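Notes follow the structure.
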Amino acid sequence: MSMSPGRWAAPALLAALAPCAAQAQSSMQDTGAWRYGLSVYGYFPSVGGSTSAPTSAGGPSLNVDAGKVIDALKFAFMTSFDAHNGRYGVFTDFIYLDLGGSKANSRDFSIGDTPVSGSTSANLKWDLKGILWTVAGQYRVPTDPSLRLDLLGGVRAFWLKPSLGWSIQGDLQGIASGSRTGQVQTSETLWDGIVGAKGRWTPGGSGPWSVPFYLDLGTGESKLTWQAALGVSYGFSWGEITGMWRYVSYDMKSGGMLQDLNFNGPMVGATLRW
């Protein structure tokens, strides 16, 4: 399904991380009083994935390992917001990524099922613009004071715009001379339902240090999407600062330019609570 980002401003898209406040669990469970958190964070992932693009109409596909081509994060914007009233709450997490790279004289590709000979190489250029946006409801499970646990259910959408350019040199059977140089760009939006859990463990039940965690998985227009995060947080009177390691994975259904895609790396954020 192809769609421009301006047409899906409806809530849904990247179940992602919304760091929780470093405050007493009993106060968070008081009904009738809404509590809010606004986070701004940086995410610095490495990228992996497989791309397949037709070299010509009806011709064989060019298959590229994106992780061996991408070398730069061009731009990123990331924020999240959560709200709780007693045991019930909602949160949303938004990430915009613009990344890409190029590689000269690469042999990290294949053409359909044709082996690439030792005399063949390609200049490759791979770019990706993407938006991950998650919206979910939360239910806080009663636990002991050292553990805060929220079950969640919602929707994640992934708008992605990959682009692949190539120029092939050398001896290569089955490729017309006019197809040895080309570029393909697509746009796609994936909607998936998700379920998961998030929360934090505070040693001894109180104190500024805590261990936030997050896990979700889902399916829908992708075969499977899941993400996990784990880290350390330090609380202040106004909120907290958090550092985590985050992994996001997508296994796509057949027919698209991307077969799979993953983001893997550290993130650092600050959360304001009121």
Side-chain angles (χ1 to χ4, degrees), residues 1-8 13-14 44-77 95-133 157-191 221-223 225 248-265:
M1 181 173 67
S2 177
M3 190 177 299
S4 64
R7 293 182 56 188
W8 51 271
L13 280 104
L14 175 320
F44 311 97
S46 60
V47 180
S50 302
T51 302
S52 181
T55 56
S56 61
S61 294
L62 174 69
N63 306 308
V64 176
D65 183 346
K68 295 182 179 179
V69 179
I70 293 177
D71 58 9
L73 176 65
K74 299 178 182 178
F75 178 79
F77 174 77
I95 300 177
Y96 173 80
L97 291 170
D98 183 358
L99 45 86
S102 59
K103 191 171 184 180
N105 301 317
S106 173
R107 301 192 69 251
D108 296 319
F109 70 98
S110 63
I111 302 291
D113 297 326
T114 304
V116 176
S117 69
S119 62
T120 302
S121 64
N123 298 330
L124 302 172
K125 180 176 175 58
W126 200 96
D127 291 283
L128 176 68
K129 293 180 175 66
I131 292 175
L132 278 169
W133 189 8
F158 188 13
W159 172 78
L160 59 159
K161 189 177 182 180
S163 173
L164 176 64
W166 66 90
S167 177
I168 304 173
Q169 304 88 33
D171 181 21
L172 192 61
Q173 298 293 326
I175 298 296
S177 59
S179 301
R180 290 177 175 248
T181 299
Q183 181 171 343
V184 174
Q185 179 175 285
T186 64
S187 179
E188 185 177 8
T189 304
L190 303 173
W191 296 82
E221 292 186 327
S222 66
K223 285 183 180 179
T225 176
V248 184
S249 175
Y250 269 86
D251 185 9
M252 316 295 189
K253 293 182 179 178
S254 61
M257 184 173 170
L258 292 173
Q259 282 86 55
D260 58 86
L261 187 66
N262 62 77
F263 304 94
N264 181 27

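Nothing here was measured: the structure is a model prediction, and the numbers come from that model. Side-chain atoms are counted along with the backbone in the values below, which use heavy atoms only and exclude waters and symmetry mates.
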Worksheet item: Who passes salt bridge (Lys or Arg N to Asp or Glu O under 4.0 Å) against K253, sequence neighbours left out?
Response: none

Discussion item. Applying side-chain hydrogen bond (donor to acceptor under 3.5 Å, both in side chains), can you list everything that pairs with S222, at least two apart in sequence or on another chain?
Written reply: D192

Discussion item. Tell me the closest heavy-atom pair linking Q169 and N123, and the distance in Å.
Written reply: NE2-ND2, 3.5 Å

Response to the item:
On a heavy-atom basis, the closest approach of L190 and M252 is CD1-SD, 3.4 Å

Worksheet item: Excluding sequence neighbours, so at least two apart, what forms side-chain hydrogen bond (donor to acceptor under 3.5 Å, both in side chains) with D251?
Response: none

Discussion item. Please enumerate all residues that pass side chain to side chain contact (heavy atoms under 4.5 Å, CB included) together with Q185, with sequence neighbours excluded.
Written reply: K161, S163

Worksheet item: By side-chain hydrogen bond (donor to acceptor under 3.5 Å, both in side chains), which residues pair with T186, not counting sequence neighbours?
Response: none

Practice prompt. Kindly write out the residues that satisfy side chain to side chain contact (heavy atoms under 4.5 Å, CB included) with S46, not counting sequence neighbours, or none if the list is empty.
Written response: N264

Worksheet item: Which atom pair, heavy atoms only, marks the closest approach of M257 to L164?
Response: CE-CB, 3.4 Å

Worksheet item: How many angstroms lie between atom OG1 of T225 and atom OH of Y250, to the nearest 0.5 angstrom?
Response: 4.0 Å

Discussion item. What verdict does the side-chain contact (heavy atoms from CB on, under 4.5 Å) test give for L97 and L128, after you've listed the backbone C-alpha separation in whole Å, the side-chain angles of each residue and the deciding distance to 0.1 Å?
Written reply: CA-CA 8 Å; L97 291 170; L128 176 68; over 6 Å; no

Practice prompt. For S50 and L258, indicate whether the former's side chain and the latter's backbone hold a donor-acceptor pair under 3.5 Å.
Written response: no

Discussion item. To the nearest 0.5 Å, what is the distance between CD1 on I131 and CZ on F77?
Written reply: 10.5 Å

Discussion item. Does any part of the side chain of L261, heavy atoms only, come nearer than 4.5 Å to the side chain of V47, both counted from C-beta?
Written reply: yes

Worksheet item: According to the interplanar angle, ranging from 0 to 90°, do the rings of F263 and F158 count as parallel (below 30°), tilted (30 to 60°) or perpendicular (above 60°)?
Response: perpendicular

Response to the item:
Note: S167 and T181 closest approach over all heavy atoms is OG-OG1, 3.5 Å

